[in-house]
Amino acid sequence: MLHTYEFWFVVGSQFLYGPEVLETVAARAAEMADKLNASGNLPCKIVYKVTAKTNTEISDVVREANYDKHCAGIITWCHTFSPSKMWINGFANLQKPYCHFATQYNREIPNEEIDMDFMNLNQAAHGDREHGFIAARLRMPRKVIAGYWQDEDVQKRLGDWMRAAVGVAVSRELKVMRFGDNMREVAVTEGDKVEVQAKLGWQVNTWPVGQLVDTMNAVTDAEIDALMDEYRAAYDFASEDTDFIETVRYQAREEIAMKKMLDAEGCKAFSNTFQDLYGMRQLPGIASQHLMAQGYGYGGEGDWKVAAMTAIIKAMAAGKTGGTAFMEDYTYNLVPGAMYSLGAHMLEVCPSVAAARPRVEVHPLGIGDREPPARLVFEGHEGDAIVVSLIDMGGRLRLICQDIHCVKPILPMPNLPVARVMWQAMPDLTTGLECWITAGGAHHTTLTYDVTADQMKDWANMMGIEFVHITDGSTPEKLEEELLIKDLVWKLR
């Protein structure tokens, strides 16, 4: 996914300095792009495009970037002084994410070499401030990264921003397949699909469960055999009994059919609900889990918003190994000194977050009035993570992000037949819970070890939506004030 995108490096200058200086600027810009690409710290390629000296050059490269499907964003830098009025038309029309890279070619000021020729050539401190003003004046969403371009931490910050920008590119092309509608009477899974498509680019539509059943009926035994081999290679089987194997094979049939429909429509996310399984013998369990392991987003009970966010975050995290999963807060351990949230779902938690090799098991579901389905059972691994929830506030979209620390479950829970992750919520369980509820966070989330809150903030800023971050320093009182101010600000937009 990431290798299909690139970022265009546009350097600002002007004709004032003469052709020799401009040739040096262009050569250095190309060198910087090559060395950044060779650093190993960027997930996507940087392509040096132009040293822009006029309004026309800037407008042309922006127009080209807007219509190039491989360009996921523009990175600008002013080696010399680039008068900012020439950037207005281009910036006004820019439709791709924008990062202002405030750096300079030389790390140090050279004591013996510095003279007026050096000063004219090396005016990044001058040029970047002029450049920054016009973006502020135009109130553009942007990321400013300052630091020396060869430093690893600076390169990694640039790489993190690239991943967020790829999330924007994925979002704007995302299609979500809904098998049936929402779970009845649930509020937070509802939302304005027209507004979401206008704002985020998502195409969210419904396909009948009957069409899925027809597709399932056309799946061959040879196709099921091949997928069963994949299951055996990745997971342990709890039994080899005939009934057990037939149950798993039915899940394979469901997965093959769903994947065929998703791929035929170009959809990278899907939702379903146990209240609409007409013609199906089982609610998809391992079928949904294995699709998520391949990068598809999923949402239970018809929750198309969390399905889409899971697909986007998985795309942002491509190449990382911590894992990203559809998640739901289920129950709490409220013992003083050992307060934890237990996240799980009926069936569908992605095995990318597993601490050890998952196990295929078959158990009754208790709801949905169908056969006991096969599912993957495992514990999530330890580590810092975030949970993310996108909600529709009726006039704007709000992205809520909470810092968490995942732990090995403090209890073995031998009779709980589902995948689960246990975590400490920041700043603590009860305070974090009060903050989450105050902000309107959903019960469904995307949990990720690979994408950071800063990256999700960048994504939200690029998409033009509200961002709320619950951290180690959050309190309900401070959050209430923040939400009140944001409510006023967003009503004025």
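Everything numeric here is computed off the predicted structure, so don't read it as measured data.
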### Task
Answer yes or no: is there a donor N or O on one side and an acceptor on the other, between the side chain of Asn272 and the main chain of Phe179, under 3.5 Å?
no

### Message
Has Asp241 got a side-chain atom pairing as donor or acceptor with Phe244's backbone, closer than 3.5 angstrom?
### Response
no

## Note on the structure
Between Met316 and Val451, the two heavy atoms sitting closest are CE-CG1, 3.7 Å

### Message
Quick check: closest heavy atoms across Ala317 and Asp450, and the distance to 0.1 Å?
### Response
CB-CB, 3.5 Å

#### Entry: ring pair (Phe, Tyr, Trp, His ring centres under 6.0 Å): pairs with one or both residues in residues 338-383, sequence neighbours excluded
Phe326-His345, His345-His444, His381-Tyr449

### Query
Can you check whether Ile312 reaches Leu200 side chain to side chain, under 4.5 Å on heavy atoms?
no

### Leu447/Trp423 under side chain to side chain contact (heavy atoms under 4.5 Å, CB included): CA gap, chis, key distance, verdict
CA-CA 11 Å; Leu447 183 151; Trp423 66 82; 3.8 Å; yes

### Query
Within a reach of under 6.0 Å around CG of Asp243, are more than 12 heavy atoms found that belong to other residues, nucleotides or ligands?
no

### Task
Output, in order, the C-alpha distance, side-chain angles, deciding distance and verdict of salt bridge (charged side-chain N to carboxylate O under 4.0 Å, His left out) for Lys49 and Glu64.
CA-CA 11 Å; Lys49 293 298 288 186; Glu64 185 183 356; 3.5 Å; yes

### Task
With the side chain counted from C-beta on, respond yes when Leu158 and Cys99 share a heavy-atom pair under 4.5 Å apart, and no when they do not.
yes

### Message
As a quick check of understanding, evaluate side chain to side chain contact (heavy atoms under 4.5 Å, CB included) for Leu283 and Met346, giving each step before the final call.
### Response
CA-CA 10 Å; Leu283 176 66; Met346 295 180 296; 3.9 Å; yes

Sequence neighbours excluded and cut-off under 3.5 Å, please list the side-chain donor-acceptor pairs for residues 226-233, or say none.
residue	atom	partner	partner atom	Å
Tyr231	OH	Glu255	OE1	2.6
Arg232	NH1	Glu240	OE2	2.8
Arg232	NH2	Glu240	OE1	3.0

#### Entry: Any donor-acceptor N/O pair, Trp436 side chain to Gly441 backbone, under 3.5 Å
yes

### Spacing of CZ belonging to Phe237 relative to CD1 belonging to Ile245, to within rounding of 0.5 Å
5.5 Å

### Query
What heavy-atom pair brings Pro427 and Asp472 nearest, and what distance separates the two atoms?
CB-O, 3.1 Å

### Query
Can you check whether Val306's main-chain N or O pairs, donor with acceptor, with Thr310's side chain at less than 3.5 Å?
yes

### Ionic contact status for Asp276 with Arg184, cut-off 4.0 Å
no

### Asn89 and Ser59: CA distance, side-chain angles, deciding distance, side-chain hydrogen bond (donor to acceptor under 3.5 Å, both in side chains) verdict
CA-CA 6 Å; Asn89 291 1; Ser59 296; 4.8 Å; no

### Query
If every non-hydrogen atom of Ser39 is compared with every non-hydrogen atom of Gln155, which pair is closest and at what distance?
CB-OE1, 3.2 Å

### Task
List the steps and the verdict of side chain to side chain contact (heavy atoms under 4.5 Å, CB included) for Tyr278 and Leu212.
CA-CA 10 Å; Tyr278 188 79; Leu212 174 58; over 6 Å; no

### Summary
Closest heavy-atom pair, Cys44 versus Leu2, reported as atoms and distance to 0.1 Å, is SG-O, 3.4 Å

### Query
Yes or no on salt bridge (charged side-chain N to carboxylate O under 4.0 Å, His left out) for Arg396 and Asp487, after CA distance, side-chain angles and deciding distance?
CA-CA 10 Å; Arg396 66 184 186 277; Asp487 196 42; 3.1 Å; yes

#### Entry: Geometric class of the His100/Tyr98 ring pair [parallel <30°, tilted 30-60°, perpendicular >60°]
parallel

### Query
What do the steps show when you test Tyr298 against Glu348 for side-chain hydrogen bond (donor to acceptor under 3.5 Å, both in side chains), and what is the final call?
CA-CA 8 Å; Tyr298 171 77; Glu348 313 94 346; 3.1 Å; yes

### Query
Is it true that Lys260 and Glu223 have a side-chain N and a carboxylate O under 4.0 angstrom from each other?
yes

### N-O pairing of Lys156 and Asp160 below 4.0 Å
no

### Query
Do the side chain of Lys314 and the main chain of Gly297 share a donor and acceptor less than 3.5 angstrom apart?
no

### Message
Taking Phe274's backbone N and O only, do any of them form a donor-acceptor pair with Arg370's side chain (distance below 3.5 Å, no angle check)?
### Response
no

### Heavy-atom side-chain contact between Leu399 and Trp459 under 4.5 Å
yes

## Note on the structure
Rounding to 0.5 Å, atoms CG (Leu433) and CD1 (Ile470) come to a distance of 9.5 Å

### Query
Of the non-hydrogen atoms in Val388 and Met309, which two are nearest, and what is the gap between them?
CG1-CE, 4.5 Å

### Message
Just so I know, are the side chains of Met162 and Tyr5 near enough to count as touching, which here means a heavy-atom distance under 4.5 Å?
### Response
no

### Task
Decide yes or no for Phe7 and Leu42: does some side-chain heavy atom of the first lie under 4.5 Å from some side-chain heavy atom of the second?
no

### Message
Is there a side chain to side chain contact (heavy atoms under 4.5 Å, CB included) between Lys193 and Arg178? Walk through the geometry before answering.
### Response
CA-CA 12 Å; Lys193 301 181 190 70; Arg178 302 171 67 217; 3.3 Å; yes

#### Entry: From Thr247 atom OG1 to Arg281 atom CZ, the distance as rounded to the nearest 0.5 Å
7.0 Å

### Task
Verify, without hydrogens or angle tests, whether Gln402 (side chain) and Met426 (backbone) share a donor-acceptor contact under 3.5 angstrom.
yes

### Task
Output the distance between atom CD1 (Ile400) and atom OG (Ser389), rounded to the nearest 0.5 Å.
5.0 Å

### Query
Just by distance, do the side chain of Lys96 and the backbone of Asp68 share a donor-acceptor pair under 3.5 Å?
yes

### Message
Can you see whether Tyr330 has Arg420 sitting over its ring - NZ or CZ less than 6.0 Å from the centre and within 45° of the normal?
### Response
no

## Note on the structure
Between the CG atom in Leu479 and the OG1 atom in Thr471, the distance rounded to the nearest 0.5 Å is 10.0 Å

### Query
Between Gln289 and Leu347, is there a donor-acceptor pair closer than 3.5 Å when you use the side chain of the first and the backbone of the second?
yes

### Query
Would you say Tyr235 and His290 make side-chain contact, with heavy atoms under 4.5 Å?
yes

### Message
Counting C-beta onward and ignoring hydrogens, is there a side-chain heavy-atom pair between Glu190 and Asn182 closer than 4.5 Å?
### Response
yes

### Message
Tell me whether the count of non-hydrogen atoms from other residues, nucleotides or ligands lying under 6.0 Å of NZ in Lys45 goes above 12.
### Response
no

#### Entry: Distance in Å, Phe467 CZ paired with Ile465 CD1, rounded so as to fall on 0.5 Å steps
9.5 Å

### Task
Answer whether the closest heavy-atom distance between the side chains of Arg63 and Asn93 falls below 4.5 Å.
no

### Query
Is there a donor-acceptor pair closer than 3.5 Å between any side-chain N or O of Gln251 and the backbone N or O of Ala287?
yes

